[in-house]
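Comments concern the structure below.
Labels below follow one simple rule: chain letters A, B, ... track the order of the sequence lines, proteins then strands, and each chain is numbered from 1. Below, each value reflects all heavy atoms present in this structure, side chains not excepted, and no hydrogens, waters or symmetry copies.
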Number of protein chains: 2
Amino acid sequence: MAGNGAGDTGGSATTAPVRRRRRDGELRREAILDAGLEVFSTLGLHGASIDQISERAGLSKTNLLYYFPSKEDLYVAVLRRVLDVWLDPLQTLSAGSEPADALRRYIRRKVTLSRDAPQASRLFCLEIVQGAPLLRAELAGPLRDRVEAKAAVLRGWIAAGRIGAHDPHQLIFAIWAITQHYADFAAQVEAITGRNLQDPAFFEATVEGTQKLILASVGLA
Amino acid sequence: MAGNGAGDTGGSATTAPVRRRRRDGELRREAILDAGLEVFSTLGLHGASIDQISERAGLSKTNLLYYFPSKEDLYVAVLRRVLDVWLDPLQTLSAGSEPADALRRYIRRKVTLSRDAPQASRLFCLEIVQGAPLLRAELAGPLRDRVEAKAAVLRGWIAAGRIGAHDPHQLIFAIWAITQHYADFAAQVEAITGRNLQDPAFFEATVEGTQKLILASVGLA
DNA sequence: GTCTATATCGGGATAGAC
DNA sequence: GTCTATCCCGATATAGAC
C-alpha cells in the first residue's frame, strides 16, 4: 500500500523497472477498487465522493481520475468485480451431488460470503434495490441463465423423488434472502440480537439453522 | 394535485376559509411525503434532488422548502412514516392464536405489504444497508422490544410442543428476509422469473410457498 | 403561501507543469 | 504518473417581493 519507491529522480529512466511499474499500476487500481467498494457500499454512488475514496486509497483526487476517468466508471468497475464473486457460489449446486449435501454446502458458502464480504453483498443490494439501472443486462443475461441451470437441477431432484416438491425459484430466492440478510441487514440483526457473523458461535448457529430450515422445506429433515 | 384555487385576489381575507386552509396545508405535506418516498426509494437520500420531489408533488422547489426546512428533514420525516407501517404487522403473531394460523397470517400480511408498499420496503432497506445512521435508536429501542415480545411468543409455543424447536430470532429474520425480498429485490426477481407480485397468480404462489417453507421448518407441514 | 431572483458551496472533471 | 490550479455545474438554501 504505502512506501512506493522514491520515483527515480535521475534522468536516464526507462531502463529495467518498466515491468515493475506496470504491476504497480495494477496494484494501484486494486487499491482504488477496494476503497471504492468500502465507500460506495456505505454511502451509495451519489453519497460517496471521489475525495473520500482517493484518500482511503492513499492517493490524490486527480490521481484517481487518472486511473478511472469518472466516478461512474469507477463505480461500474467495482460493481463488475462484485458480480463475479456473487455469481460464483451457485456452482455448488451441481446435479451430481447428493441433494442434502449440495444444499448444505451452498448455504454454508453463502453465509460465509456474508461474513467475509459483507460490503460486496451490500453494494449489490443497494444497486438492486434501486432498480439495478447498471446491472439489468447482467441480471437478465448471465445471472438468469445460471439460475435456470440450477433450477433445472432442483427440478431433476424433485422429479426423481430425491427432494420434496417446491418451486425451484422460490427455493433459491429463499436461500439468497436468508443468507444475505445477515450481511445486508447486519445493522438490524445487531440491534436486535446484539451479535453478528464475526462471532463464531453466531455464525455456526446461522449456518446450521438455515440449513435445517431449507432442508425441512424440501422434506430432508 | 393540480387546480388549487386562484388564491383570493381580494383584500379583506381571513374570514371563514381559515380552517380549510389548514387542511390544505396538511394535504400538501402528505403529497410531499408521498413524492419523497417515491424519489428517495429509488435514488437514495443523496441521489434525490429537491427539484424532482417538488415537481412530482406538484409545487415549486422553494415552496417545498417552506414545508420542510431542508432535504434531510424531509428525508427523516419520510423515514419515520415508513417505520410505523413497518412495525405494525408483527402484532399478528399473538400468543392467543393457533401457531399455524398466526404464522400463515403474518406471512400473508408481509407479502401483501411487499406488493402494496414496495417503496416503503425499499427505502427502509436502503437505510438499513447503509448502516441505519438515522434509525439506530429506533432499531435498538422500539423494534427490538417488539421483536423480543414476539420471540417470547414463539418460545412459548416451542416449550408447549405446539411447534418444533427453532431459534425464534432466526425464524423471524427468515420470514422478513424472504417476504421483503420480493419487494427489495423485485428487479432481480423480475429479471429471473419475468414476474412480480402484481401478478395475482405469482402473488398467491409466493404467499403459499413461503407459508409452506416456514411451517415445514417448525414441523407444521 | 407562493413566487423570482440570487447567494453559496461542494464536488466532478480538465489543463498543464513537472 | 502525479501534482497544483482552476473551471464549472448542479443543487441546497435564503432573501425579499407579492
Spacing between A/Asp51 atom CG and D/dC3 atom C1', to the nearest angstrom
14 Å
If the condition is side-chain contact (heavy atoms from CB on, under 4.5 Å), which residues does A/Ser114 pass it with, not counting sequence neighbours?
A/Ala183, A/Leu197
If you look only at pairs with a residue in residues 107-132 of chain A, which of them pass as a salt bridge (Lys or Arg N to Asp or Glu O under 4.0 Å), with sequence neighbours excluded?
A/Asp88-A/Arg109, A/Arg108-A/Glu204
Keeping to residues at least two apart or across chains, list the ring-ring contact (aromatic ring centres under 6.0 Å, His included) pairs with something in residues 107-149 of chain B.
B/Trp86-B/Phe124
Tell me every residue that passes salt bridge (charged side-chain N to carboxylate O under 4.0 Å, His left out) with B/Arg136, counting only those two or more places apart in sequence or in another chain.
none
Name all residues meeting the side chain to side chain donor-acceptor pair (under 3.5 Å) criterion together with A/Glu138; count only those two or more places apart in sequence or in a different chain, and write none if there are none.
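A/Glu138 satisfies side chain to side chain donor-acceptor pair (under 3.5 Å) with A/Arg80 once adjacent residues are dropped.
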Between A/Asp34 and A/Arg81, does any NZ, NE, NH1 or NH2 come within less than 4.0 Å of an OD or OE carboxylate oxygen?
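Here A/Arg81 pairs with A/Asp34 in a salt bridge, since their nearest N and O are under 4.0 Å apart.
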Can you list, by residue number, the residues of residues 59-82 of chain A that have a non-hydrogen atom closer than 4.0 angstrom to DNA chain D?
A/Ser60, A/Thr62, A/Asn63, A/Tyr66, A/Tyr67
Residues in contact with DNA chain D, drawn from residues 41-50 of chain B - heavy-atom cutoff 4.0 Å
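DNA chain D contact set from residues 41-50 of chain B: B/Ala48, B/Ser49, B/Ile50.
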B/Phe68: ring pair (Phe, Tyr, Trp, His ring centres under 6.0 Å) partners, not counting sequence neighbours
none
Enumerate the side chain to side chain donor-acceptor pair (under 3.5 Å) contacts for residues 191-203 of chain B, please, sequence neighbours excluded, ordered by first and then second residue.
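For residues 191-203 of chain B, and leaving out neighbouring residues, the side chain to side chain donor-acceptor pair (under 3.5 Å) pairs sorted by first residue read B/Arg195-B/Asp199.
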